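Note sheet for the following structure.
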Amino acid sequence: MIDFKEQVAQVLAKEIDALEQAEIKNLIEIPPKSEMGDYSFPCFRLAKTYKKAPVKIADDIVAAIDKELFEKVENLNGYINFFLDKKNVVKAVAEEVEEKKDRFGGSDLGNGKKVIVEYSSPNIAKPFHIGHIRSTVIGNSIYKIYDFLGYDTVRINHLGDYGTQFGKMIVAYRKWGNEEEVRKAPIQTLLGLYVKFHEEAEEHPELEDEARETFKKLEDGCEEEYKLWEWFREESLKEFSRVYDMLGITFDSYAGESFYSDKMDRITDMMAEKGLLQESQGAEIVDLSAYDMSPALIRKKDGSTLYITRDIAAAVYRKEHYNFDKNIYVVAAQQNLHFQQWFKIIELMGFDWADQCVHIPFGLVSLDDGTMSTRKGKVVFLEDVLNRAVEKTREVMLEKNVGNENIDEVSKQVGIGAVVFQELSNNRIKDYTFSWDKVLNFDGETGPYVQYTHARACSVLRKAQAGVTTDVDYSYITTETAYELAKLILRFPQVVIDAANKYEPSVVTRHIIDVAQAFNKFYHDEHIIVENMEEQKAKLLLVDAARQTIANGLYLLGMEAPERM
Ligand code: ARG
């Protein structure tokens with residue numbers, strides 16, 4: 001698409017010899033109000049060089065530059081405001097969208113560079129609770145955004161399927177569990193056992209030792225322990241898959257922590273070779289005091305390895321196996337220190353790709369009654385949340401009497417979409433409280449609102465007599481409301497790039513809310529299905545461009561875009 005900002009920079013560069021064109025482009029702003037034009041160049045930085053007042057400089061530049069491309073160019077208090085030729089802009093936008101369609105906003109910017117996105121990564125035999133939704137949904141969107149920009153992506157679910165907790169689970173199962181119950185309700189039952197273990201261990205601390213020994217046996221490959229563990233894993237995965245199916249999420253690899261159990265010795269050997277390992281009370285640690293961090297425990301007294309050891313082994317494996325350009329971890333901010341520690345260790349081990357590993361943290365979700373803890377067993381299962389969202393959406397749809405023969409399908413798309421959208425609405429780093437009222441508020445800046453706007457656009461297109469074509473008289477869509485909408489669509493590709501650079505899906509979320517609002521204003525202010533066929537055709541083209549932009553945005557968030565609601 002025509003890069004209008006570049007055009008403005010080019011015109012300015014001819015008159016400003018003190019700055020490079022790229023510098024000029026960087027200085028160009030989008031004015032806060034549309035009365036101030038489409039782009040604005042502040043002249044304040046030039047005052048020193050030219051030894052003139054910014055207003056005078058602006059005047060001189062305005063007088064000198066080639067204004068052919070613009071409707072007008074004005075000096076306002078030292079800012080040069082550029083008003084593009086509206087017809088030109090609307091035409092460029094519409095042609096671009098119609099040519100690219102569901103690829104509009106995407107590009108080959110990534111040039112096939114390999115990007116790993118690790119997300120979700122729940123713990124086996126523990127509930128997949130609403131705390132995990134954050135990593136799952138944010139990670140899925142980051143993956144889609146990178147994929148859309150032409151990166152070669154690999155989606156990894158680093159399952160928490162290893163560690164001392166499995167010692168506890170096995171001990172608890174043998175003492176108080178039975179097979180039938182586990183088969184009936186695997187995670188509920190295993191969670192119950194896990195909670196019981198902690199209650200009992202308060203009275204009988206020796207249980208902790210038993211659990212440690214049991215985990216050690218598992219690590220050493222003892223068959224009985226291994227079989228139980230494998231069974232717990234299998235049953236858990238069945239439950240997780242149900243949630244992933246609901247969310248439409250898939251992974252390229254489920255290589256979790258256990259996958260690295262046989263790759264650990266090599267890693268600890270490497271660390272030893274570099275002189276990084278120190279003995280501390282029989283265990284092995286890496287001292288990180290020089291970097292203002294607490295020491296990292298790498299291997300316990302009994303020889304068993306830890307979460308952090310497995311993360312280091314996993315990173316080395318990924319580099320060797322995938323040769324990534326970027327290795328992204330979408331994991332809660334609570335684990336900040338963990339990631340800082342092991343990124344530093346990787347660097348100290350001499351891996352020059354340490355800086356290609358990125359931790360993307362996010363804030364906590366809490367319920368009105370405090371945070372979630374699996375130890376106390378007070379959790380909300382993600383699957384229940386999603387099912388309830390679908391159920392409630394269905395009720396609202398019936399209440400509103402939305403005549404839809406596909407109500408089952410649509411309430412799924414909208415209910416689940418509502419949860420996903422709310423998750424991606426705020427900056428990821430912010431903590432937030434999960435509330436049903438907010439998630440399912442169908443008015444306001446919500447998923448249902450955006451999906452409904454999309455369905456409305458589809459409905460207009462269905463009802464129209466004319467089809468969508470770019471062979472139209474563009475002067476019909478240069479009114480203020482039409483132009484505002486077109487400009488938001490114009491910005492979409494840059495929004496996707498910004499979202500990728502910041503690893504921030506909410507940038508997309510907020511932008512499609514803006515597009516939806518601008519579309520609805522256009523829809524209410526202007527008659528679209530008018531008798532004048534030329535006018536109708538032009539307006540339909542803009543409707544279709546808005547529809548496509550919203551659909552592409554929803555896709556990047558991991559949501560469906562129903563055509564009827
Ligand atoms: N399983 C962990 C949890 O539920 C998250 C794993 C994050 N990924 C990682 N590579 N450490 O808290």
Side-chain angles (χ1 to χ4, degrees), residues 115-140 142-143 154-166 168-169 187 190-191 194 215 229 232-233 236-237 239-240 243-244 249 251-261 263-264 267 296-298 305-319 321-322 324 326-346 351 353-354 356-366 371-375 377 379-382 428 503:
V115 171
I116 292 182
V117 189
E118 187 214 285
Y119 56 105
S120 199
S121 312
N123 298 324
I124 295 295
K126 297 247 196 88
F128 195 162
H129 56 72
I130 73 167
H132 285 119
I133 193 187
R134 301 226 70 193
S135 172
T136 307
V137 167
I138 296 169
N140 183 51
I142 290 178
Y143 140 70
V154 183
R155 299 160 290 183
I156 300 183
N157 192 332
H158 187 76
L159 288 175
D161 58 0
Y162 222 55
T164 14
Q165 70 269 29
F166 291 96
K168 293 177 186 173
M169 208 91 67
I187 292 184
L190 291 169
L191 173 68
Y194 189 68
F215 176 59
W229 167 83
F232 293 164
R233 186 181 194 273
S236 305
L237 266 182
E239 287 210 30
F240 297 161
V243 175
Y244 293 137
I249 286 179
F251 295 93
D252 300 303
S253 160
Y254 278 90
E257 293 186 43
S258 67
F259 180 76
Y260 303 99
S261 61
K263 299 171 180 60
M264 230 74 85
I267 296 301
L297 181 57
I298 298 295
T305 57
L306 291 105
Y307 180 51
I308 195 167
T309 329
R310 295 188 277 277
D311 256 326
I312 296 170
V316 173
Y317 173 84
R318 288 180 197 174
K319 186 68 198 180
H321 189 74
Y322 297 108
F324 56 73
K326 207 180 270 215
N327 181 22
I328 299 173
Y329 296 85
V330 185
V331 182
Q334 287 154 304
Q335 298 194 30
N336 279 353
L337 176 64
H338 168 77
F339 280 94
Q340 281 157 13
Q341 283 179 318
W342 78 256
F343 285 0
K344 179 53 84 181
I345 293 174
I346 290 269
F351 292 117
W353 45 265
Q356 294 173 340
C357 298
V358 204
H359 175 211
I360 302 305
F362 53 81
L364 282 178
V365 201
S366 50
T371 50
M372 277 153 289
S373 152
T374 28
R375 296 219 173 155
V379 288
V380 178
F381 282 68
L382 181 50
R428 59 181 155 73
Y503 308 100

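Side-chain atoms are counted along with the backbone in the values below, which use heavy atoms only and exclude waters and symmetry mates. Read the numbers this way: they start at 1 and go in the same order the structure lists the ligands and their atoms. As the structure is a computational prediction, the values presented were derived from the model and not from experiment.
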Would you tabulate the polar-atom pairs, meaning N/O of ligand 1 against N/O of the protein, with distances under 3.5 Å, reported to 0.1 Å?
| from | atom 1 | to | atom 2 | distance (Å) |
| --- | --- | --- | --- | --- |
| ligand 1 | 1 (N) | Ser121 | O | 2.9 |
| ligand 1 | 1 (N) | Asn123 | OD1 | 2.7 |
| ligand 1 | 4 (O) | Asn123 | OD1 | 3.4 |
| ligand 1 | 4 (O) | Asn123 | ND2 | 3.2 |
| ligand 1 | 4 (O) | His132 | NE2 | 3.4 |
| ligand 1 | 8 (N) | Glu118 | OE2 | 2.8 |
| ligand 1 | 10 (N) | Glu118 | OE1 | 2.9 |
| ligand 1 | 10 (N) | Glu118 | OE2 | 3.3 |
| ligand 1 | 10 (N) | Asp311 | OD1 | 2.7 |
| ligand 1 | 11 (N) | Tyr307 | OH | 2.7 |
| ligand 1 | 11 (N) | Asp311 | OD1 | 3.4 |
| ligand 1 | 11 (N) | Asp311 | OD2 | 2.8 |
| ligand 1 | 12 (O) | Gln335 | NE2 | 3.3 |

Open item on the list: Among residues at least two apart in sequence or on other chains, which ones pass ring pair (Phe, Tyr, Trp, His ring centres under 6.0 Å) with Tyr244?
Closed with: Phe128, Phe251
TODO: Answer whether the closest heavy-atom distance between the side chains of Tyr254 and Phe240 falls below 4.5 Å.
DONE: no
- [ ] Consider only side-chain N and O atoms of Lys126 and Gln165, and report whether a donor and an acceptor are under 3.5 Å apart.
- [x] no
Task: Near-ring test Tyr162/Phe215, centroid separation under 6.0 angstrom - done: yes
TODO: Measure the spacing between CZ of Arg134 and CG of Leu364 and express it to the nearest 0.5 Å.
DONE: 8.5 Å
TODO: Side-chain contact test, heavy atoms from C-beta onward, threshold under 4.5 Å: evaluate it for Asn140 versus Tyr119 and give yes or no.
DONE: yes
